[in-house]
Asks: 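Provided herewith is a single structure, encoded as structure tokens, for subsequent inquiry.
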Amino acid sequence: MNDEQDDFFGAPEVPEPAVIPEPGPVEPVRDAPPPPAPPTLADFAEGEGIPLHLFAERAYLTYAMSTVLDRALPFVEDGQKPVQRRILYAMRELGNRSDAPFKKSARIVGDVIGKFHPHGDSAVYEAAVRMAQDFTLRYPLIEGQGNFGSRDGDSPAAMRYTEVRLSKFAEDILLSEIERGTVDFRENYDGTLKEPALLPARLPVLLLNGVSGIAVGMATEMSPHNLKEVSAACIAVIEQGMGHSPLTPNPSPSEGRGERQASSFDDEIIYQAIPGPDFPGGAQIISGVDDIRKAYETGRGSIRVRARWTVEPLARGQYRVAITQLPPNTSTAKVLSEIEDLINPKLKTGKKSLSPEQQTLKGAVLAVLDTFRDDSDAAHPVRILLEPKSRTVDADDLMNVLLANTSLEGNVAINMTMIGRDGKPQQKRLPQVVREWCDFRLVVIERRLRHRMNEVERRLHILEGRMIAFLRIEEVIKVIRESDEPKKDLMAHFDLSEMQAEDILEIRLRQLARLEGFRIEKELNELKLERDGLNHLLGSESARRELAIAEIRKDTDKYGDARRTLMEASEKVTAGRMEAVADEPVTVILSKNGFIRCRTGHGVDRAALTWKDGDGELAVLETRSIWPVVLLDATGRSYSVRTSELPGGKGDGVPVTSLLDLSGSKVLAMLCAPPETRVLMSSSSGVGFMARIADMVARVRAGKAFMTLDEGSELLTPTIVLPDAKYIAALSAASFGTGPRLLVFPIEEMKELAGGKGVILLALAEGEKLAAARAVKDQFTVYGHTRGGKDAEQAIASRDIPLYLHRRARRGQPLSKLKTGRGIRN
């Protein structure tokens, strides 16, 4: 029994032994009780003090849940945050409707704060302002009068100056059915009033207007979409469900309520109906279909958006560029400020002069841009005029410089986090959002129909009692005149209900005229027809779906408009493409010790090149100034520089470490070619892959991890893959007793990757290494050493290729003329 057991059970007194044995392994205590659980709030009586950490935990969780569920995140049903929903409902209750006079914003804010939203007035007013800005919401929910800010970031006027009323869109789409039994009401914060838990949205406003919000531990960033496209997707979903079970029989935890567990509906129809966002300010989405699809399929991602412009011709062959549409979150003032910073850059902290990058960028901008100004007015909300340096400057070159270095082009985040129909926050896919709203809409329609059925049944019941009174009016009058309790006597004498008797006692004498009988009969017939129609709708899910589709089409015809944002995929403009304005032949020279320089033109005499003591040539490549210069180090990282950053003249150049952060590694290879050029990458461990120059371009000085190398393996010299290449030739360094081996396999078996480790090129024995790999056409030469150590080579003609041709990752055939292999050349 160990010490812990003794302390627990009480150890008996025993004499101390003379010899203390070596301690052995301690047996676990099997019968000891488990340690006590840490205290929780339930362990403390009301009014009793609690530990600080428990109080802090409870307070923080309360705050977090309040922020997530009652402030920052929208609801999938009506697309509103609680403050937005309360603003709309308060305006409706105040009579501030679309056909009523405007009311002061301060009055609306006061009503919202006092009745429904006990928070700061600035938060409520800011939400109301956003709901009134046509450059923020695709379909504004509030109609404003006064200064509500501008897309340039100007602040709105104070709420005592501005006036608001509901927009027709908000009144019809969000509030028109609120009193028809469509949604639940709950008590407000002090229990004195009722407020709607949701608004009965006739369209998925969450997708139409988008939303942005930051909660505790989560955030949302929904982009706006076009009403016609979203409606088409909703109609397709509702049509798919005709004659089938509801959309939410068994929602899975991963997909949330509103998503079928085993849906037969093809999501492709939704993606085709909604190709991408539609921003209020227009602009152009340049991301490809696959990028947008990935963001919609995962509920998270980003898309690339670019400004739109037109080229306006002027006299004598001159022209100017007019930018008319900007990406979201970008303003005219911001763009003009960024252009000014490019032309007149500020010194970096601690520097006495501009850096080479700043000077290069300034020169590039001044080489293509003469003047710029803001020409926006009421008729043209966005109009930035750019005048080129001369008429010989191409408009695309001018815009490429600005697109690469200003916010005229940028990313828009997508984070589809919201409160689902199950009341839980979740990041949802686009099909989930559409289906959950369709499910909600069908529930709203059914509740509306049942509410109307109850009204019709009640009215029919009243009218039937009035008809009895009208047909037997003398008896009714006699019973009322002679009775002490007329209601009871009417009920007993004419077999009426309490409701009918009460109505007969309250009607006026004028309603007993002969003409009133015809009116009662006419209304009875109309209500009976309506009741039959309601019974049909309530008894048929397909009929309700047809009704939902008809209402969506009606709203689409009324509020649908053309797409504003152009969707046209295009290559992303980066700072590296800025050099397109100075396309000229250059020669890049790299030494073994890492000194790099650039010469203008081609045909440099290599024999005339000078080097520092102990240094020599590593690579001399003829290229163009618009093409990237890619460097690869011994660890497999890739780096890139622009030719404009390299020193010219006849000097020895500058060390690569002054341009890049190599972290102590050594440059082994250099590539200069068009971005779409394919390159064969390989390592001494016998693996490799094909990649493109564009995949190797790094955006930071520290480069990026490109090829993964096994422990002990080395990067081999990358080689350009020519367009007419047919095979991949792989050469081993040496094979025990048989010399090097050569394997040739079809180039189609080679994988093209954007980085990584690659696939096996040549099967190697233990301790064996790959010497070279190259893409070849139909003849090439391998070289190495003979058994005597002399340089030797062996030509492989087209008739010899079948001897070495096999599938990729095979061992290949030995070369009889060489003892060791060094390389392959075309």
Side-chain angles (χ1 to χ4, degrees), residues 77-78 92 168-169 171-185 196 198-204 231-249 258 421 434-471 496-497 499-500 503 507 511 515-560:
E77 294 90 343
D78 58 7
R92 181 186 182 280
K168 186 64 176 173
F169 179 88
E171 195 169 6
D172 288 348
I173 302 302
L174 289 173
L175 298 168
S176 60
E177 301 176 351
I178 198 168
E179 290 183 345
R180 300 169 71 177
T182 52
V183 291
D184 295 328
F185 280 72
L198 294 169
L199 298 181
R202 295 171 61 92
L203 291 172
S231 296
C234 294
I235 290 173
V237 171
I238 296 174
E239 283 180 342
Q240 177 68 21
M242 286 185 178
H244 300 287
S245 59
L247 293 178
T248 57
R421 295 214 62 218
V434 175
R435 289 196 180 113
E436 288 201 27
W437 180 84
C438 290
D439 187 10
F440 168 72
R441 182 59 190 162
L442 292 174
V443 172
V444 166
I445 289 177
E446 184 176 359
R447 292 185 59 164
R448 187 187 73 198
L449 293 173
R450 294 193 183 280
H451 178 77
R452 179 56 185 165
M453 175 64 82
N454 293 333
E455 290 181 337
V456 169
E457 293 285 1
R458 179 186 176 90
R459 183 61 179 169
L460 281 172
H461 188 62
I462 294 294
L463 291 177
E464 288 171 352
R466 289 190 181 183
M467 181 59 71
I468 293 174
F470 180 78
L471 295 176
L496 300 175
S497 68
M499 182 188 303
Q500 291 173 323
D503 177 73
I507 60 176
Q511 294 177 276
L515 185 61
E516 188 66 23
F518 295 104
R519 293 177 181 171
I520 293 173
E521 186 175 2
K522 180 182 178 182
E523 187 177 356
L524 274 170
N525 293 332
E526 291 175 350
L527 289 175
K528 287 178 181 178
L529 289 176
E530 184 179 357
R531 181 177 61 183
D532 294 340
L534 291 172
N535 280 326
H536 171 68
L537 290 171
L538 288 171
S540 171
E541 182 185 351
S542 296
R544 293 197 299 275
R545 290 178 181 270
E546 290 176 356
L547 176 62
I549 292 172
E551 291 177 349
I552 291 175
R553 285 176 175 159
K554 181 181 178 180
D555 293 331
T556 302
D557 293 340
K558 186 174 182 179
Y559 294 104

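All values reported here derive from a predicted model rather than from experimental measurement. Residues: numbered from 1 along the sequence shown.
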Asks: Between Asp555 and Phe169, does a side-chain contact (heavy atoms from CB on, under 4.5 Å) hold up when you go through it step by step?
Replies: CA-CA 9 Å; Asp555 293 331; Phe169 179 88; over 6 Å; no
Asks: Looking only at atom types and distance, does a side-chain atom of Thr182 sit under 3.5 Å from a main-chain N or O of Glu177, one as donor and one as acceptor?
Replies: yes
Asks: Nearest 0.5 Å, please: how far is CZ in Arg466 from CG in Leu471?
Replies: 14.0 Å
Asks: Do Ile462 and Arg459 come within less than 4.5 Å of each other through their side chains, counting heavy atoms only?
Replies: yes
Asks: Kindly give the heavy-atom pair with the smallest separation between Glu239 and Arg553, and that separation in Å.
Replies: OE2-NH2, 3.5 Å
Asks: Are any of the side-chain heavy atoms of Phe470 and Leu463 separated by less than 4.5 Å?
Replies: no
Asks: Who pairs with Asp172 by side chain to side chain donor-acceptor pair (under 3.5 Å), at least two apart in sequence or on another chain?
Replies: Lys558, Tyr559
Asks: Per the ring pair (Phe, Tyr, Trp, His ring centres under 6.0 Å) rule, what does the pair list look like for residues 445-469, sequence neighbours excluded?
Replies: none
Asks: With distance as the sole test, does Gln500 use its side chain to make a donor-acceptor pair with the main-chain N or O of Glu464 at under 3.5 Å?
Replies: no
Asks: Mind checking what makes side chain to side chain donor-acceptor pair (under 3.5 Å) contact with Glu551, not counting sequence neighbours?
Replies: Arg441, Arg448
Asks: Evaluate the criterion salt bridge (charged side-chain N to carboxylate O under 4.0 Å, His left out) for residue pair Glu523 and Arg519; output intermediate values, then yes/no.
Replies: CA-CA 6 Å; Glu523 187 177 356; Arg519 293 177 181 171; over 6 Å; no
Asks: Quick check: do Leu199 and Val183 have side-chain heavy atoms less than 4.5 Å from each other?
Replies: no
Asks: Could you pull out the closest heavy-atom pair between Leu174 and Pro200, with the gap in Å?
Replies: O-CD, 3.4 Å
Asks: Could I get the full list of salt bridge (Lys or Arg N to Asp or Glu O under 4.0 Å) partners for Arg458, not counting sequence neighbours?
Replies: none
Asks: Measuring from atom CG of Asp532 to atom CG of Leu527, what distance do you get when rounded to the nearest 0.5 angstrom?
Replies: 11.0 Å
Asks: Could you check if a side-chain atom of Leu460 sits within less than 4.5 angstrom of a side-chain atom of Leu524, using non-hydrogen atoms only?
Replies: yes
Asks: If the threshold is 4.0 Å, N to carboxylate O, is there a salt bridge linking Arg92 and Glu179?
Replies: yes
Asks: How close do Leu442 and Arg544 get, counting heavy atoms only, and between which atoms?
Replies: CD2-O, 4.4 Å
Asks: Are the side chains of Val444 and Leu198 in contact, using a 4.5 Å heavy-atom criterion?
Replies: no
Asks: Kindly write out the residues that satisfy salt bridge (Lys or Arg N to Asp or Glu O under 4.0 Å) with Arg452, not counting sequence neighbours, or none if the list is empty.
Replies: Glu455, Glu530
Asks: Give me the atom names and distance for the closest heavy-atom approach of Trp437 to Glu77.
Replies: CD1-O, 3.1 Å
Asks: Does any non-hydrogen side-chain atom of Val443 lie less than 4.5 Å from one of Arg447?
Replies: yes
Asks: If I compare all heavy atoms of Cys234 with all of Pro204, which pair ends up nearest, and what's the gap?
Replies: SG-CG, 3.7 Å
Asks: Could you grab the distance from atom CG of Leu547 to atom CD1 of Ile445, nearest 0.5 Å is fine?
Replies: 5.0 Å
Asks: So which atom in Gly465 and which in Leu496 form the shortest heavy-atom distance, rounded to 0.1 Å?
Replies: CA-CD2, 4.3 Å
Asks: Is any NZ, NE, NH1 or NH2 atom of the basic residue among Arg450 and Glu446 found under 4.0 Å from an Asp or Glu carboxylate oxygen of the other?
Replies: yes
Asks: Just to verify, what does Glu457 make a salt bridge (Lys or Arg N to Asp or Glu O under 4.0 Å) with, not counting sequence neighbours?
Replies: Arg531
